[in-house]
Amino acid sequence: MHPATHPTANASDGRTYRTPLLRRRLLRGMLAAVVALPLVGAAAACGGDDAGSDGKVKLSIFWWGGDARAQLTEQALDLYTTKNPDVTFEKVWQANQGYFDKLATLTAGGNPPDIFQIDDNFLAEYAARNATLDLKKYADSGDLDTSKFPPSLLQYGEVDGKLAGLAAGENTQGLVYNKTLLTKNGLPEPTTGMSWEEHIAWAEQVSKKAGVPGTQDPSADYKAFWVWLRQQGKDLYAGTDLGFTTEDVTRWFELWKGARDRGATPTPDIIHEGNATDITKQLVVTGKSGTSWVWVNQMPELKKNTADELGVVAYPGDPSAQWARASMYWSVFRGSKNADVAVDVINFLANDPEAVKLLGTDRGLPSNMDLRRVVSDDTTDPAMKQSIEVENTLAETFGEAPQVPIKGHSKVRAELIKAAENAQYGRATPAEAAAQFVEASKAAIAS
Amino acid sequence: MALTTAPDPTRRGTGSVRPDATRRGTGRIRHGEGLAGYVFLSPWLIGLMAITAMPMLLSLYLSFTNYDILTPWSEVEWVGLANYERMFTSDPSWWHSVRVTLSFALIAVPLKLAAALGVALLLNRAWRGVGLFRGLFYLPSLLGGSVALAIVWVNMFNREGAFNSFLALFGIEGKPWVNDPDWALETLMVLAIWQFGAPMVIFLAGLKQVPTELYEAASVDGAGAFRKFVNVTLPMLSPVIFFNLVLETINGFQGFTAAFVLSNGTGGPVDSTLMYTLNLYITGFTDLEMGYASAMAWVFLIAIALITVVFFSTGRFWVHYSDGEDR
């Protein structure tokens, strides 16, 4: 901005002296630029060709995650290249933050990756816009082997009857609690199957005895709301509509208003802090609450950030409301020139014994049940062992998977946070906040 | 950056004192030299066309479509004025972000300029070590919209932050400033005001240009320090004030980084920091409504242009150029 003030100032000074010449030169310069532009574009486009005529294929693949995941994934892909020397990869990965911005921008720029990692927050967004290849025909023909997948996990990749993504791993909702804190204060541990009322009463007891708020208030957390809804016989979405009413949300918000009033949860600003930041700042890790509402496969990551011992159980209420959730998926871009090879690669990542062993549980439990057993026998990480155990125990109680969140889901999530926080900060009654949330959500999924 | 532009607003003021040799010099460029000029300029020109002008025109086009960034160009639908209509008639969060941005700019910009002018007056004297202080006050501006600074701010102004520890020394109980919807935006304003270094440096340059004869004459007439400030400094400084006002207002409207970092990209708590540009970013990249986001961007551009026009038209009444060219 600042530098731009210079040329303009000078130009306006000069104009009085030599207008015609300047303008003509300026025009000629602009003309030159216009002529030169397509050349630049053409030069850039030349580099984009990936399929050579000699049968060699270069696939681009894009995922989010840390160093450890990158190493494992690269090893698995190299293994594929060893077995299929004609196929090489252009691997791009980055941290979670900004991943979807970049994926969307790459797609818009006309060079989307052939294979990309995606999660259930965005799967329907991409599928509804026809950005993902329908994998159904490959699954039917057996080119994509899904026979060893739990049916509900496979189903959780379907959007509008199309298979939009292949589950790269499985996880489920988990209530993580600080074991050390409870033992020190002689308090009981939470158990799977305790009711929501029991959970809040337990949390109140923790607040009183341990001096640390017993539970993080999850009223702004869509996954806790979702499990609770399913226990009421409702769901987050029903087809292209919301699966719940204003009354349901009011009851949900009132449940947690009661908990806050009883001192079972931290104050609103602390709750917000837990909601707004990444996994490393979860309240159970920062010592600001006795429990956090997370995904079971986040346990090892949580464990890294605290010296205390952690335990994990299902969310309160009937655990059959939980389901085998695809922690993330592999999707193939619809416009990929090498779609068949790309499908073979994700098939390899899901079903090749060596590859699956390499990848371990980094993206959740392996989707292939036979190989899952092998991997869980092999793991040595105690936190990971624990989360596998919990997942396996819970898996026996799992209900049917819900439909994948619909287009507009990310906005619905944001609206839930806004409404729940309005109630938490006392700016609205639960009923007002619920009405606001339902109205905003309807607008979000309609557009 | 700001340093090089500093003399600009006072250009005209000094024009009468110093004959402008450069102007006459450039008038006699020969043809070959002109061509060479454009050859050297061409990277910038191409850049301007390719990464500024073309995307802008493209976004103007997209603002009339339902472009969502993922679907191919061929499937983009023309929706006419629907995006603009939605913005003004049925998008409460758009209106909310307009209000947040306006209150931010209306409060933070004047206070920032006042702080800049105040400190510039203090640092305009010749005392030992003044250079060091000028540098120190300018430092926060150099850090600009940096992410690191915003993170520091979050940590300073949360419940356990340094600011509350400081308040505790006086027995005052603090607040969770950045996590309190009543205070989060105000915390961002303080951050913006604190970065007053750039306008301060420009003010300093302006103050140097005020002829000392005027102060001497005022002293002779018996004017005190306050009178001198009101009747000499302020009028002589008005072109600089004007320049800073326009620039900082535009900057203020565009505040993004701090709000983004502080709220983890959400505009929270409870939308209290949902600045216009942040809302635009969320709309385009999270909600994947790039057409609508483009429309928002164009309304934003026009709004800033209008505000600047208003400044320029009112400027005639209070901006004084000492050589009398404009009056």
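We name chains A, B, ... by the order of the sequence lines, and we start the count at 1 in each one.
For Asn305(A), the CG atom counts as densely surrounded, since its 6.0 Å shell holds more than 12 non-hydrogen atoms of other residues, nucleotides or ligands. Counting non-hydrogen atoms of other residues, nucleotides and ligands closer than 6.0 Å to NZ of Lys257(A) gives a total of 12 or fewer.
Residues of residues 425-440 of chain A lying under 4.5 angstrom from chain B, judged on non-hydrogen atoms, are Tyr425(A), Arg427(A) by number.
Annotation: side chain of Lys288(A) is not in contact with side chain of Arg159(B) (no heavy-atom distance under 4.5 Å). Between Leu288(B) and Phe100(A) the shortest side-chain heavy-atom distance does not fall below 4.5 Å.
Interface check for chain A: of the options Asp180(B), Leu70(B), Asn158(B), the most heavy-atom pairs under 4.5 Å are formed by Leu70(B). Of the residues considered (Thr266(B), Ile282(B), Asp182(B), Asn66(B)), Asp182(B) shows the highest number of contacts with chain A, using heavy-atom pairs under 4.5 Å. By number of non-hydrogen pairs under 4.5 angstrom with chain B, the leading residue of Asn275(A), Ile271(A), Asp101(A) is Asp101(A).
For Ile270(A), the part sitting under 4.5 Å from any heavy atom of chain B is the side chain, from C-beta outward, and nothing else. Neither the backbone nor the side chain of Pro92(B) has a heavy atom closer than 4.5 Å to any heavy atom of chain A. Neither the backbone nor the side chain of Asn130(A) comes within less than 4.5 Å of any heavy atom of chain B. With a 4.5 angstrom heavy-atom cutoff, Thr105(A) touches chain B via backbone and side-chain atoms both. The contact between Tyr126(A) and chain B is made by backbone and side chain atoms together, counting heavy-atom distances below 4.5 Å. For a residue to count as touching a neighbouring chain, one of its non-hydrogen atoms must lie under 4.5 Å from one of that chain's; by this rule Ala104(A) touches chain B with backbone and side chain alike. Proximity to chain B (any heavy atom under 4.5 Å) is shown, for Gln424(A), by neither the backbone nor the side chain. The contact between Tyr67(B) and chain A is made entirely by side chain atoms (from C-beta outward), counting heavy-atom distances below 4.5 Å.
Of the charged side-chain nitrogens involved, none lies within less than 4.0 Å of a carboxylate oxygen, so that Lys407(A) and Glu289(B) do not count as a salt-bridged pair.
Summarising the geometry, atom CD belonging to Glu125(A) is positioned 12.0 Å from atom CD1 belonging to Ile69(B); distances are rounded to the nearest 0.5 Å. Here the CD-CD distance, from Glu273(A) to Glu160(B), works out to 6.0 Å after rounding to the nearest 0.5 Å. Atom OG1 of Thr71(B) sits about 7.0 Å away from atom CZ of Arg129(A), to the nearest 0.5 Å.
Listed for the Glu421(A) side chain is no donor-acceptor partner under 3.5 Å among the backbone atoms of Pro269(B).
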